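To start, the structure under review is shown below, and the notes come after it.
All of these numbers come straight from a predicted model, not from anything done at the bench. Along the sequence shown, residues are numbered consecutively beginning with 1.
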Amino acid sequence: MSKKENIWELIKRLDEQAGAFNMNLHKANHLFDSAAKETSRVMDKHQRDLHKTIVKLQKALRKFSKEKDEKEKKGNKRADG
């Protein structure tokens with residue numbers, strides 16, 4: 001068993017533990033902020049990449065649709081002629 005501590009020793013130990021807790025809390029907050037910034041940066045990059053891909057897909061679909069329409073028109077002209 002541990003020895004009995006008087007009130008001043010308990011206060012001193014409490015102060016040391018509170019200091020260590022605050023230091024670790026500060027470190028955790030700093031790490032959290034760093035992680036949040038990095039996560040935000042990565043998510044922004046993914047969002048930009050996704051938007052670029054969507055734009056390319058839209059262009060490809062327009063081109064595909066236009067080519068399909070032209071083929072259908074040519075096919076209809078041949079069938080009519």
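- L14 CG to K12 NZ: the interatomic distance, rounded to the nearest 0.5 Å, is 13.0 Å.
- Side-chain heavy-atom separations under 4.5 angstrom define the hydrophobic clusters, and the remaining members of the one that includes I54 are L50.
- Cluster note: V55 groups with no other residue, as no ILVMFWY side-chain heavy atom lies under 4.5 Å from it.
- Counting side-chain heavy-atom gaps under 4.5 Å among Ile, Leu, Val, Met, Phe, Trp and Tyr, L31 is found in no cluster with other residues.
- Hydrophobic cluster of I7: the remaining members, joined at side-chain heavy-atom separations below 4.5 Å, are W8, I11, listed by chain and number.
- For residues 34-50, the side-chain hydrogen bond (donor to acceptor under 3.5 Å, both in side chains) pairs, not counting sequence neighbours, are E38-R41, K45-D49.
- Applying the side-chain hydrogen bond (donor to acceptor under 3.5 Å, both in side chains) test to every pair with at least one member in residues 13-26, sequence neighbours left out, gives these pairs: E5-R13.
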Show me the donor-acceptor pairs within less than 3.5 Å that the side chains of residues 59-70 make with the rest of the protein, sequence neighbours left out.
none

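- Listed by chain and number, the residues in a side-chain contact (heavy atoms from CB on, under 4.5 Å) with L25 are F21, N29 (sequence neighbours excluded).
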